[in-house]
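To start, the structure under review is shown below, and the notes come after it.
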Amino acid sequence: MRRRRRTVSAALVAALSLLPAGRRNGFAHGGPPAAVTDDRLSGAGGTAPAPDRPGPPPTGRTGERGAGAGTGRADVPSERRADRDADLSVDRGTPRERLRAWAELLRVSALFSVPGDALAGAAAVGRRPGRGTAPAIGASLCLYEAGMALNDWADRDEDAIDRPHRPIPSGRISPAAALGAAGVLTAAGLALAARAGRPALTVATGLAATVWAYDLHLKHTKAGPAAMAAARSLDLLLGATATAEGTAPGAGTPGGGRLSDNVAGVTAAATAAAVPTPGTLTASLPALPAALVLGAHTYGVTAVSRHEAQGGSTGVPLAVLATTTALAAAVLGGGERSRRATDRNAVPQPGGTPGQGLSGQDLFGRGIPGRGIPGRATDPLRLLVIGLTGAYLRTAGPPLLHAALNPSPPLTQRAVGGGIRAMIPLQAALAARAGSPVTGLAVMGLVPLARSLARKVSLT
């Protein structure tokens, strides 16, 4: 019996010695680990951690580290992981990245379309840019940027779906910071306008109220394009008022041509405005036709922009293209008629030249300084106006036509960007049309700057 037991025990020992070392009867034994076996269920080659044991820190899709990501995969050298972590810590949240985020939020590439409003307004009232023009330009820039910041703050929920790359939905700028910037810029704009005089402050207050009303409510209503058009018109009138306020009586020079014969809906009483008298809002009334032209263009650009995220509109770009053509015709038209009216109502001025004097009378029977576009095709001023108006059509027209033929979001956004850039040659044409070719050329000089900056920061 004892021999049988010894024989069975020896047989069991021999059988166990044939099993693989490290895993016997399905249980792990101590000692040196054996080769890793394949685990088909976990898919991790037998290295899946136990449920109660933390695994390696997760790595994001773009390489961002998770919480406690001090160690990476076992097959990545520690030096390489350290270099990778150092690169990530430098690239995220650097001052340059924050500056770019604010540039995108404020759309700084569109800033060059703003100074021409005040300069065209100054030319429209027949005056050179004066001491009140610079504060008006500064106020316009601040209020424009306030509108940009407020626009993104108000649209942050929509942008999270349609434009998640924008600064607020992407988390690069907080909503509170954007709203605070809008408030500070508005206050700065009103302070600058106050330096140009009380009438300029009155116009700037109306402009600021229009901007806030548009961004917070009117943008999503049918009155949205009209509100934005009113804001641009008020911006031009701000420059006209501030320039007339900061210029002594009689300091202006003849010029300031008028579009009363070409802009529909402007009555004779409105276009034959009062003599620019510093300290009164009537000083900006001669600039009303030019303000209406710029407002009509802005109305069209805003109408197209309402479809830039989804696209799909063909009729709107076509209608805006027709409006753009009509505005160009309004700027160019009436040259000979304006010249005859100028000659008929001319009053000799000290040091004046033939054909330069008073054109028409105001409600009080007093003359209004100004002259129309010279009627001859060879006159330099008329050639300049034709060239600037052609640049306006060339900038705004083709993108609108492309958006009408293919109303996709990218082409619609190009049409909006083209409309914003086209404001500069339109402002230049209005200034030259008013008899201020130097101002028109100065405004046109902003085009290369706007074009170069638009390559870095999107206009929309």
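Source: prediction; values computed, not measured. The first residue in the sequence is number 1, and the count goes up from there.
- The structure places CD of Q427 at 11.0 Å from OH of Y392, a figure rounded to the nearest 0.5 Å.
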- Candidate pair T298 and M423, rule side chain to side chain contact (heavy atoms under 4.5 Å, CB included), full reasoning: CA-CA 8 Å; T298 306; M423 289 182 182; 3.5 Å; yes
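- With a 4.5 Å cut-off on side-chain heavy atoms, L411 and P399 do not count as touching.
- Annotation: side chain of L207 is not in contact with side chain of V203 (no heavy-atom distance under 4.5 Å).
- Residues F112 and L453 share a closest heavy-atom pair of CE1-CD2, 3.7 Å.
- Counting all heavy atoms, side chain and backbone alike, P437 lies closest to L384 at CB-CD2, 3.5 Å.
- Taking all atoms of both residues into account, the shortest heavy-atom contact from V320 to G300 is CG2-O, 3.5 Å.
- Counting heavy atoms from C-beta outward, L106 and V457 have side chains that stay 4.5 Å or more apart.
- T243 places no side-chain N or O within 3.5 Å of a backbone atom of G132 that could act as its donor or acceptor partner.
- Counting heavy atoms from C-beta on, the side chains of L388 and R433 never come closer than 4.5 Å.
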- Message: Apply side chain to side chain contact (heavy atoms under 4.5 Å, CB included) to residues D155 and H220 and explain how you reach the verdict.
- Response: CA-CA 10 Å; D155 288 349; H220 301 292; 3.6 Å; yes
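- For residues 111-125, the set of pairs meeting the salt bridge (Lys or Arg N to Asp or Glu O under 4.0 Å) definition, not counting sequence neighbours, comprises D117-R232.
- Between the OG1 atom of T210 and the CG atom of L143 there is a distance of 10.5 Å, given to the nearest 0.5 Å.
- Side-chain atoms of R394 and P425, non-hydrogen and from C-beta on, never get closer than 4.5 Å to each other.
- Proximity of a side-chain donor or acceptor of S113 to a complementary backbone N or O of A110 within less than 3.5 Å is detected.
- Heavy atoms only, all atoms of each residue included: A136 and G239 are closest at CB-CA, 4.1 Å.
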- Task: Quick one: do L111 and E145 satisfy side chain to side chain contact (heavy atoms under 4.5 Å, CB included)? Show the steps, please.
- Result: CA-CA 8 Å; L111 273 180; E145 293 291 49; 3.3 Å; yes
- Determine, stepwise, if the pair I137 / V114 fulfils side chain to side chain contact (heavy atoms under 4.5 Å, CB included). CA-CA 8 Å; I137 293 176; V114 178; over 6 Å; no
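- Proximity of a side-chain donor or acceptor of H297 to a complementary backbone N or O of G419 within less than 3.5 Å is detected.
- Summarising the geometry, atom CZ belonging to R166 is positioned 13.0 Å from atom CD belonging to E158; distances are rounded to the nearest 0.5 Å.
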- Message: I'd like to know whether D152 forms a salt bridge (Lys or Arg N to Asp or Glu O under 4.0 Å) with R107, so could you lay out the CA-CA distance, the side-chain angles of the two residues, the decisive distance to 0.1 Å, and finally the verdict.
- Response: CA-CA 11 Å; D152 275 26; R107 294 174 179 85; 3.2 Å; yes
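- Using modelled atom types and a 3.5 Å distance limit, the side chains of R96 and T94 yield no donor-acceptor pair.
- Taking the side chain as every heavy atom from C-beta outward, T412 and P317 never approach each other to under 4.5 Å.
- Atom OG1 of T395 sits about 11.0 Å away from atom CG of L400, to the nearest 0.5 Å.
- Relative to the ring axis of W153, R156 places its NZ or CZ within 45° and under 6.0 Å from the centre.
- Of the possible polar contacts, one joining the S305 side chain to the T302 backbone as a donor-acceptor pair under 3.5 Å is found.
- The closest side-chain heavy-atom distance from N406 to H402 is not below 4.5 Å.
- Checking side-chain atoms of Q413 against main-chain N and O of E308 turns up a donor-acceptor pair under 3.5 Å.
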Return all side-chain donor-acceptor pairs below 3.5 angstrom for residues 173-197, not counting sequence neighbours, or 'none' if the list is empty.
unit_1, atom_1, unit_2, atom_2, d
S174, OG, A177, N, 3.2
T186, OG1, A182, O, 2.8
T186, OG1, W212, NE1, 3.0

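- Annotation: side chain of T439 is in contact with side chain of P129 (closest heavy-atom distance under 4.5 Å).
- The shortest heavy-atom contact between A303 and H307 is O-CD2, 3.5 Å.
- Rounded to the nearest 0.5 Å, atoms CG (L234) and OG1 (T241) are 9.5 Å apart.
- Taking CG of L218 as the start and CE of M228 as the end, the distance is 10.0 Å to the nearest 0.5 Å.
- Looking only at distances, no side-chain donor or acceptor of T389 sits under 3.5 Å from a matching main-chain atom of I386.
- Between A231 and V211, the shortest heavy-atom distance links the atoms CB-CG2, 4.5 Å.
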